[in-house]
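Residue numbering restarts at 1 for every chain, and letters A, B, ... go by the order of the sequence lines.
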Number of protein chains: 2
Amino acid sequence: MVSYTEENYLKAIFKLSEKNKEEISTNAIAESLAVKAGSVTDMLKKLAEKGLIHYTPYSGVELTGQGRQTAVKIVRKHRLWEVFLVEKLGFRWDQVHPMAEELEHIDFDELIERLDVFLGNPKFDPHGDPIPDEKGEFQPSESIRLSEADTGQRLQMIGLENHTTAFLQYLDKKELALGSRIAIVEVAPFDKSLTITIDGDRQVHISHEVAKNILVAVKES
Amino acid sequence: MVSYTEENYLKAIFKLSEKNKEEISTNAIAESLAVKAGSVTDMLKKLAEKGLIHYTPYSGVELTGQGRQTAVKIVRKHRLWEVFLVEKLGFRWDQVHPMAEELEHIDFDELIERLDVFLGNPKFDPHGDPIPDEKGEFQPSESIRLSEADTGQRLQMIGLENHTTAFLQYLDKKELALGSRIAIVEVAPFDKSLTITIDGDRQVHISHEVAKNILVAVKES
DNA sequence: TCTAAATTTTAGGCTTATCTAAATTATTAT
DNA sequence: ATAATAATTTAGATAAGCCTAAAATTTAGA
């Protein structure tokens, strides 16, 4: 049995591992869960005893196969529920995270699989993040940051590196959505800010910082 | 803030009050939550401090207005999710209780109201139990036990007094479902068992015990 | 390289929700 | 009316998760 809290630790470790590749520090986990470092140490010992992580004091932490499997399943549930909330209940993409954060802990295999079917086996959530399949496999997608693309390339917005409400609402205001076709018109040499066209017509200006947080696929041209 | 566990106590007290009308005993609560009486006493003190119940030691318990409101909201969520699971995900009515038992604790007002709309503002759950509205009002429905109906009356099955999986599956086997039109052909004097017709054709035999647990509406004839 | 700073762990406490066993109060039967 | 029984509450423990403060370890700077 993996408790609600243990699940959140595993998910946090998984997400940190995705970003940083290296071993995950106690402090990083503490920060991401808004708890104190001492609490994290306690939990790491427990998770290690349960065989969900490899833990060597002072040296960091890594998920075991079983730990990763547990974490990925939670991510799967989270993202499926987000699709449900947006596609079926009509929520906006910036509203669904807190609800999915609760729904993800409900654990009935048949519920997940029926939900998946009901939603049409979606491969990406409303923010463009991939939804792992029942076996925990992610569909790999080739994406680069918009800040790293070249002028003239045909691009399509397929994901985000930042999921804060503020950022999502900013994109809404600029009418930048997943699936938008983007072309870079010009990069300002001074601050690397970009002028882009969206869906072939509207022209908008965005900062380098924003462009770093937008993931695009490069389309054949 | 009402914790997950406190919610379950309030719901248990509410359900016992529905059935028994009288004051609710510590033991009854303990039994329905599968905990020991001593644990119940602890919790009753806490709920009383929070103003959710009226509690006098040794004399029983009653929900306050606020306590009832909290309990009814949980019931509303439970039953809406049951409708979702059956109508949208295709579960059978005997499968959904444990899932709804978890989903009912997820508390976002907008989620509930959007789910309600998505489901078409259902007034009854898959077992025929009424779904309270946002204000906590139940739509009253006139029902009697099948065991109390008379031969010759036109009846319609609209609810159940027993929600165990075994009973639900028994009804499935007899092809008795909510909405079935029922007429009593004969009541055996010896054991009060009934011969009934279902939807005008099929004739089945059921025990008095089963008939006591089926709620029917008497239709004008 | 060795000391100062940063990180991590340990130790001791707190809260919530549970338990068991003992003590108290209420109910029932003679 | 009172003794036996049943129900309830109290007291003392336990486990999970969190905290703060002190100790230990690692890392980094001079």
Residue pair D116(A), K77(A): steps toward the salt bridge (Lys or Arg N to Asp or Glu O under 4.0 Å) verdict:
CA-CA 9 Å; D116(A) 188 29; K77(A) 288 186 283 183; over 6 Å; no
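- Using the Watson-Crick or G-U wobble rule with both distances under 3.5 Å, dT26(D) pairs with dA5(C).
- Between K36(B) and dT18(C) there is no side-chain N or O to OP1 or OP2 distance below 4.0 Å.
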Reading nucleotides 6-15 of chain C from 5' to 3' and marking B where a protein heavy atom lies under 4.0 Å of the base, S where only the sugar-phosphate is that close, and - otherwise, the string is -SBBB-----
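- At whole-Å resolution of the value, CG in L47(A) and C1' in dA16(D) are 12 Å apart.
- Per the geometry, CG belonging to N8(A) stands 17 Å off P belonging to dA16(D), to the nearest Å.
- For R79(A) (side chain) and P130(A) (main-chain N/O), a donor-acceptor pair under 3.5 Å exists by modelled atom type.
- Checking side-chain atoms of Q156(A) against main-chain N and O of G179(A) turns up a donor-acceptor pair under 3.5 Å.
- Among the atoms of the strands shown, none is found under 4.0 Å from any heavy atom of Y4(A).
- Within a 6.0 Å radius of CD in E148(A), more than 12 heavy atoms belonging to other residues, nucleotides or ligands are found.
- One can place CD of E7(B) at 15 Å from C1' of dT16(C), the figure rounded to the nearest angstrom.
- In this structure, Y9(A) places its OH atom 14 Å from P of dA16(D), rounding to the nearest Å.
- When the options H78(B), H127(B), H163(B) are evaluated for a ring-ring contact (aromatic ring centres under 6.0 Å, His included) with H97(B), the one that passes is H78(B).
- Counting only distance, with no hydrogens or angles, the side chain of T56(A) and the backbone of S59(A) share no donor-acceptor pair below 3.5 Å.
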